[in-house]
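Here the structure is a predicted model, which means the values were calculated and not measured. Both counts, for ligands and for their atoms, begin at 1 and track the order of listing.
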Amino acid sequence: MNNKLYGNLIFELSKQGRKGYSLPRNSFGDYEVPQELCRKEEAALPECDELTVVRHYTNLSNNNFGVDTGFYPLGSCTMKYNPKINEEMAALPQFQNLHPMQPEPTVTGARALVVLLEKSLCALTGLAHFTFKPYAGAHGELTGLMTIDNYHRSRGDMARKKVIVPDSAHGTNPASAAVCGLEIIEVKSKADGTVDVEDLQRIVAEQGSEIAAMMMTNPNTLGLFETSIPAIANLIHNCGGLMYYDGANLNPMLGACRPGDMGFDVMHINLHKTFSTPHGGGGPGSGPVGVREGLQEFFPFVSPYQGNYAVMMRAYAYILSLGREQLRLVGPLATLNANYIKESLKDVYELPIDGLCCHEFVFDGLKDKSTGVTTMDVAKRLLDYGYHAPTIYFPLLFHESLMIEPTENESKETLDGFIAVMRQIAEEAKTNPDFVKTAPHDTPIGRVDDVLAAKHPVVTYRQMKKDTLSKVG
Ligand SMILES: *Cc1c(COP(=O)(O)O)cnc(C)c1O
């Protein structure tokens with residue numbers, strides 16, 4: 001494409017004195033801007049004509065990759081299609097133009113939506129109450145853990161300051177526990193990828209009176225369904241702790257089972273993942289926290305007003321437009337699609353834990369390790385073929401993790417296209433490994449130096465002399 005022609009930064013396109021507007025002569029007289037408010041020097045703003053600006057930003061936007069442009073198998077992120085009707089609903093002016101300080105009688109419709117969404121989530125999860133205050137999954141984890149902490153302290157039980165987290169957990173779990181001032185105890189996974197109940201028994205026997213909660217993800221970060229939850233919940237409840245469910249990845253559970261029925265007491269849901277809001281890159285999120293009856297009085301104050309309201313509107317539109325029968329298909333179809341890809345590729349990619357997965361699964365790089373082609377190289381080469389890369393080097397349980405989550409909306413043709421390309425890359429790794437190792441070849445920017453990009457990011461331009469712009473590190 002023409003990025004080179006049009007420049008990467010609007011500042012590079014600037015020509016001194018060029019204007020993008022013309023205004024008629026002012027016939028109203030003018031108003032002197034007080035001297036102390038004026039700049040000493042003119043601001044170094046880019047000077048461009050309108051068409052150059054339009055082309056610049058349109059071309060930049062064409063470099064964007066999104067669910068609407070191509071397949072996005074980013075494991076643990078549920079980058080699923082977001083139906084357009086949700087956007088229309090969230091943009092309804094009656095809701096969009098609400099002000100949080102409006103008198104209550106003028107916002108009854110908006111409040112009704114909160115109640116109806118809460119009811120739906122209770123029905124889907126088996127819990128009794130939800131708060132919509134948290135702005136993201138990790139914020140939900142913190143809110144949930146603070147709820148649990150408040151509960152223990154309300155009973156005068158100050159000793160419960162430890163949280164058990166499986167070694168396969170999402171990184172946000174131990175991070176949220178630490179932010180909440182709790183200590184993390186790691187419980188091991190067995191060779192089959194699920195929580196080691198014997199290791200857990202040992203922990204509970206030794207430190208039971210200090211356990212505030214156990215945090216679990218189910219299906220876990222390997223995409224595996226934890227089958228011992230009832231036994232685990234018993235262990236934790238018997239020692240006085242609560243069960244926390246990281247429901248960021250609720251997608252495969254939709255229509256299949258409910259955390260409340262499994263013995264979980266507190267959970268969060270990532271509305272932006274499972275209930276379809278375009279997210280990623282720090283986009284809008286909502287991490288409502290659900291609790292069993294009685295625990296709602298311990299919700300902490302974590303944000304003002306009603307949370308990220310537009311995300312809630314999208315979630316409710318999504319639930320209504322699918323309806324009970326279609327919602328039941330979400331989890332099973334996501335699971336079917338993931339297993340289809342896994343089975344179609346496991347002869348060329350290393351599958352460390354075989355068996356049925358849920359909505360996602362993890363390969364440990366290419367099966368043939370002799371080529372020297374890494375997971376990073378495979379991910380980069382996928383970009384040349386027009387696919388978003390899967391999640392790589394996470395989870396940390398394997399050296400060459402490559403984590404794929406297709407989601408339920410992808411057609412068989414899309415999945416077959418992706419499978420064919422993954423097989424093609426495995427073939428290239430044998431016949432022309434250097435080509436794969438230097439990928440991507442067809443993107444506007446080639447392979448970047450990850451270390452340099454992380455340690456010395458160049459994020460500003462500084463004007464050295466007028467019209468002479470240069471990069472500063
Ligand atoms: C995505 C995810 C999170 C974090 O959610 P954010 O909205 O990014 O804060 C937490 N746990 C799991 C299992 C996730 O997949």
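- Within 6.0 Å of NZ on Lys119 lie no more than 12 heavy atoms contributed by other residues, nucleotides or ligands.
- Among Lys273, His139, Glu141, the residue whose heavy atom lies closest to atom 15 (O) of ligand 1 is Lys273.
- At least one N or O atom of Asn270 sits closer than 3.5 Å to an N or O atom of ligand 1.
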Practice task
Show your working on side chain to side chain contact (heavy atoms under 4.5 Å, CB included) between Asn82 and Arg314 and close with a plain yes or no.
Solution key: CA-CA 9 Å; Asn82 306 293; Arg314 289 185 184 93; over 6 Å; no

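- With respect to atom 11 (N) of ligand 1, the closest heavy atom belonging to the protein is Asp246 OD2, 2.7 Å.
- For atom 6 (P) of ligand 1, the closest non-hydrogen atom on the protein side is Gly137 N, 3.4 Å.
- In Thr221, neither the side chain nor the backbone holds a heavy atom less than 4.0 Å from any atom of ligand 1.
- Residue contacts with ligand 1 for Ala136 involve both N, CA, C or O and side-chain atoms from C-beta outward (heavy atoms, distance under 4.0 Å).
- Under the 3.5 Å distance criterion, the side-chain polar atoms of Asn150 are matched with a main-chain donor or acceptor of Phe298.
- The neighbour count for Arg202 CZ, taken as heavy atoms of other residues, nucleotides or ligands under 6.0 Å away, is above 12.
- Ligand 1 lies nowhere less than 4.0 angstrom from a heavy atom belonging to Gly287.
- Annotation for ligand 1: atoms under 4.0 Å from non-hydrogen atoms of Ala248 are 2 (C), 3 (C), 10 (C), 11 (N), 12 (C), 13 (C), 14 (C), 15 (O).
- Each of the following atoms of ligand 1 lies closer than 4.0 Å to a heavy atom of Asn249: 13 (C), 15 (O).
- For CD of Glu198, the number of neighbouring non-hydrogen atoms (other residues, nucleotides, ligands) closer than 6.0 Å is 12 at most.
- Here the heavy atom of the protein found nearest to atom 9 (O) of ligand 1 is Ala138 N, 2.8 Å.
- For the pair Asn270 (side chain) and Lys273 (backbone), a donor-acceptor distance under 3.5 Å is absent.
- Under the 30°/60° scheme for interplanar angles, the aromatic rings of Tyr72 and His388 are found to lie parallel.
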